[in-house]
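Please read these numbers as outputs of a predicted model, since none were measured by experiment. Hydrogens, waters and symmetry mates play no part in the numbers below; they use all other heavy atoms, side chains included.
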Amino acid sequence: VALSCTTAINVGVLSLALSLGMAMAFDSDMEARILNEVNQHYGNDAPGRIQQWFKVMRAAAAMQETDKLRAVNSFFNALPNVEDSAHWGAQDYWATPLELIGSNGGDCEDFALAKYFALRELGVPDERLRITYVKAFLRGSRQVQSHMVLSYYAAPDAEPLVLDNLSDAIKPASQRSDLAPTYSFNAAGLWSAKEREAGRRLRDADTLPAWRDLRLKMLRLARSARQP
């Protein structure tokens with residue numbers, strides 16, 4: 001049964017906690033409130049997933065950057081990969097990290113976005129992260145499908161590491177011959193694959209409607225959560 005998009009996002013304090021990067025800064029009363037609301041909206045199994053999320057983020061805070069990549073990638077890749085139409089009853093829905101964890105599943109966009117926001121919360125600079133659209137060449141066939149991954153650049157001219165929900169291994173892009181990047185973005189802007197190599201930004205990322213709508217949704221829910 002598909003979840004309702006409207007019901008899923010009207011969670012106030014939960015989205016403040018998990019969508020805007022506050023998973024490491026709760027007192028016990030706030031955490032109990034969050035877990036109670038998660039249970040009401042997503043069922044009895046959801047609080048355990050949220051508690052594990054808190055545990056991973058708190059432990060990762062003291063890690064080296066590459067270890068943070070592995071911790072975040074491992075946590076999210078343990079969640080099921082499901083199509084938007086089956087999970088949300090929508091053709092294309094970009095979920096917040098809360099919605100991905102709470103509902104126990106999402107598609108490639110949701111995984112890439114959640115990893116991006118988690119690593120930003122853990123202090124990884126924005127310029128090192130790119131949410132990347134790729135063409136994925138399916139092994140053993142001639143099929144090509146659109147896919148999204150998160151790319152990590154240790155330095156501006158470094159070869160990126162690829163965080164992919166379909167693979168637990170974090171590999172350099174040169175070892176992912178099955179992926180062909182088309183364009184990438186983060187909060188600072190949007191690049192085509194060729195323009196990224198040249199260091200030239202195409203335009204603001206907010207020109208992508210789904211990205212703009214996701215950020216606005218998160219801000220709106222954060223403001224709602226702050227109200228008494």
Whether over 12 other heavy atoms sit under 6.0 Å from Glu83 CD: no
Where Ser151 and Tyr153 come nearest, the two heavy atoms and their spacing: CB-CE1, 3.9 Å
Residue Asp45 excluded, over 12 heavy atoms near CG under 6.0 Å: no
Trp88 to Ser103 - nearest heavy-atom pair and separation: CZ2-OG, 3.7 Å
Backbone N/O of Ser167 and side chain of Asn77: donor-acceptor pair under 3.5 Å: yes
side-chain hydrogen bond (donor to acceptor under 3.5 Å, both in side chains) assessment of His87 paired with Asp107: CA-CA 9 Å; His87 197 57; Asp107 66 2; over 6 Å; no
Side-chain heavy atoms of Glu99 within contact of Tyr42, under 4.5 Å: yes
Trace of the side-chain contact (heavy atoms from CB on, under 4.5 Å) decision for Val38 with Ile101: CA-CA 10 Å; Val38 165; Ile101 301 168; over 6 Å; no
Asn44 atom CG, neighbour heavy-atom count above 12 within 6.0 Å: no
Inter-residue atom distance Leu129.CG - Glu127.CD, 0.5 Å rounding: 8.5 Å
same_hphob_cluster(Phe54, Met57) at 4.5 Å side-chain heavy-atom cutoff: yes
Residue pair Leu166, His147: steps toward the side-chain contact (heavy atoms from CB on, under 4.5 Å) verdict: CA-CA 10 Å; Leu166 301 181; His147 188 46; 3.7 Å; yes
Where Gly102 and Arg49 come nearest, the two heavy atoms and their spacing: O-NH2, 2.5 Å
Rounded distance (nearest 0.5 Å) linking atom CD1 of Ile170 with atom NZ of Lys115: 7.5 Å
Co-membership, hydrophobic cluster, residues Leu208 and Val149, 4.5 Å side-chain: no
Side-chain heavy atoms of Lys55 within contact of Gln52, under 4.5 Å: yes
side-chain contact (heavy atoms from CB on, under 4.5 Å) partner of Asn186, chosen from Arg130, Arg120, Arg128: Arg130
hydrophobic_cluster_shared for Val56 and Tyr152, side chain cutoff 4.5 Å: yes
Min side-chain heavy-atom separation Leu150-Phe76 under 4.5 Å: no
Single-linkage hydrophobic cluster Val162~Phe75, side-chain heavy atoms < 4.5 angstrom: no
Reported CD1-to-OH distance for the pair Ile131 and Tyr183, which is rounded to 0.5 angstrom: 11.0 Å
Sub-4.5 Å side-chain heavy-atom contact between Met148 and Trp94: yes
Spatial distance of atom CG (Leu35) from atom CD (Gln40) [nearest 0.5 Å]: 11.5 Å
Smallest separation among heavy atoms of Arg215 and Ala187, with atom names: NH1-CB, 3.9 Å
Any Pro181 side-chain heavy atom under 4.5 Å of Arg176 side chain: no
Heavy-atom pair of closest approach, residues Leu100 and Ala95: N-CB, 4.3 Å
Member of Asp168, Leu119, Thr132 meeting the side-chain contact (heavy atoms from CB on, under 4.5 Å) criterion with Leu163: Leu119
Stepwise side-chain contact (heavy atoms from CB on, under 4.5 Å) test for Lys171 and Asp164: CA-CA 9 Å; Lys171 296 182 178 180; Asp164 184 353; over 6 Å; no
Geometric class of the Trp211/Phe117 ring pair [parallel <30°, tilted 30-60°, perpendicular >60°]: parallel
Ser74 side chain vs Ala71 backbone, donor-acceptor pair below 3.5 Å: no
Joint hydrophobic cluster, Val124 plus Tyr116, side-chain heavy atoms closer than 4.5 Å: yes
Side-chain (Asn39) to main-chain (Pro47) donor-acceptor, under 3.5 angstrom: no
Residue pair Phe111 / Asn165: nearest heavy atoms and the distance that separates them: CG-CB, 3.5 Å
